[in-house]
Amino acid sequence: MALSENVVPFKYKDEIVNHIPKVFIESEDGSEDYSWFLNAPSFSTFRVNVEKYKVQDLVNVIEKQLLEEAETKNKCPPKVFIHKIINDCIVVSRWNHNGLEKLWEYDVIVDVACANAVLRGADIFAPGILSMSSNAMIGDKVNVYADIEKNCRRGYNKKFTGKSLLISTGKVKITRDQLFKNNATVRGVGVEVDWNLSGIPKIKLPDDAGLLQNFPSIVCGHMFKNITGNVLDMCAAPGNKTTHIASILGDKGEVTALDKTKERVAKIGRLCESLGVTNVKYYLYDATKCISENANHIGPPFMTESFQAVLLDPPCSALGQRPSLMNNISPSQLKSYVFLQRQLLRSAIKALSKGGLLVYSTCTITLEENEEMVSWALKQFPEISLKSVEPSLGYPGLQNSSLSEKERELVSRFGLPRGSSVDEDTIGFFIACFNKNI
């Protein structure tokens with residue numbers, strides 16, 4: 001179900017849309033259309049921890065869960081299948097529903113980040129709740145609204161009249177007092193969702209079975225299937241791609257993961273532990289400074305040309321993330337990413353051994369951070385050359401860039417609003433692969 005096209009998902013719309021390729025914001029008649037940003041992809045994808053689980057066994061588990069839910073709703077269950085090329089990826093379609101049949105007496109208001117997660121199939125966790133009707137008790141059914149313009153104060157105890165969007169209904173699991181009394185800090189599920197506007201289903205699997213991961217991110221991990229030796233993941237947190245690469249390497253190599261924030265490095269460690277991944281070493285370190293010609297010790301900084309492969313998935317403007325009910329990125333923030341990405345690319349190329357593989361990926365859609373970044377790197381570093389993205393999925397790079405026709409064919413764009421298959425209807429994502437020439 002499409003969200004309202006009256007919602008404009010950018011706080012600084014006039015400045016930001018100048019950096020967005022027109023294919024994402026123009027309808028067939030040339031008018032503005034932001035529905036691509038507002039709606040979640042039609043499929044959920046689950047990357048299986050194949051070291052511990054068989055993919056088909058988890059398909060069977062998911063199918064059983066959805067069939068039981070479908071019987072209670074008197075509906076056909078979503079389809080569940082293994083991707084035809086990416087064999088550790090389970091694909092789940094959305095529920096086919098036409099709308100909400102009933103509104104409840106009580107309301108819950110959530111922040112935009114929480115709302116985006118709900119529209120991707122999540123329950124509502126306590127930190128995302130801004131307001132709850134005063135008389136709502138545990139077990140009561142509630143309507144859940146997103147606070148689109150960030151006007152709802154946490155703990156607000158009256159009927160919220162600001163701009164909002166109904167995104168789901170669910171059952172209360174935590175009382176209002178538990179949420180807000182004495183500025184409480186509460187974790188866990190606050191509302192258990194039983195219907196959401198997007199139709200994306202909830203999937204319940206053991207923590208060590210794998211994780212929900214965007215399809216292009218799963219594809220990105222498979223770039224390393226022919227690598228043996230040491231792989232550097234430069235901006236690794238929370239570790240989704242790190243653990244995937246480690247799984248693909250198996251006993252053929254190990255991953256060195258870096259991040260410059262202590263809390264985010266801890267997330268890498270927890271995910272490795274949860275999935276049982278043992279061939280990852282992770283460090284608190286700034287990846288722009290991770291290479292030194294004088295390095296002679298274990299851990300960063302590293303000697304030049306120390307790694308057979310490098311993944312650079314840098315901080316980016318994340319304009320490809322869907323759904324996005326409201327994005328507060330400012331023009332100055334948007335511009336700042338290009339400078340950082342160039343710094344990181346310099347380090348990545350220094351880290352890579354001759355004949356090695358560099359994978360550059362982003363979850364954004366701007367030309368500056370994608371095609372133009374590739375063009376800059378090719379001009380700046382004659383020792384690297386583009387190679388085709390394998391497996392070959394997604395679309396070529398955009399035409400109105402500095403890349404040649406041949407170069408455009410070698411990179412991959414995901415999420416262009418053209419198709420409806422799991423390979424096409426994804427978040428906005430970009431992958432480029434380079435070889436370092438011998």
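When a residue number appears, it is its place in the shown sequence, counting from 1.
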Verify the distance criterion only: is there a donor paired with an acceptor across the side chains of [X] and [Y] at less than 3.5 Å?
X    : Y    : result
E369 : S317 : yes
D33  : S35  : yes
S133 : D107 : no
D177 : T175 : no
S361 : D313 : yes
S421 : E424 : yes
S388 : E390 : yes
S385 : N437 : yes
N49  : S247 : no
S330 : Q333 : yes
N214 : R322 : no
T242 : D233 : yes

[X]/[Y] ion pair, N-O < 4.0 Å:
X    : Y    : result
K171 : D140 : no
D194 : K141 : yes
K436 : E305 : yes
R413 : E371 : yes

Side-chain donor-acceptor distances from residues 215-232 under 3.5 Å, at least two apart:
residue, atom, partner, partner atom, Å
H222, NE2, D88, OD1, 2.9
H222, NE2, D88, OD2, 3.4

Report yes or no: is the cationic atom of R418 (NZ for Lys, CZ for Arg) closer than 6.0 Å to the six-membered ring centre of Y395, at no more than 45° off its axis?
->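 Yes; both conditions hold, so R418 lies above the ring face of Y395.
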Taking the six-membered ring of W95, is NZ or CZ of K73 closer than 6.0 Å to its centre and within 45° of its axis?
->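 Cation-pi check for K73 and W95: passes.
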Report yes if some heavy atom in the side chain of [X] is under 4.5 Å from a heavy atom in the side chain of [Y]; otherwise report no.
X    : Y    : answer
Y285 : P301 : yes
F430 : V411 : yes
V374 : F434 : yes
Q341 : L345 : no

Is a side-chain N or O of N143 found less than 3.5 angstrom from the main chain of L103, in a donor-acceptor match?
-> no
Counting distance only, does the side-chain N/O of N279 pair as donor-acceptor with the main-chain N or O of G250 below 3.5 Å?
->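 It does hold such a pair.
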Under 30°, 30 to 60°, or over 60°: which ring-plane class applies to F24 and F37, parallel, tilted or perpendicular?
-> tilted
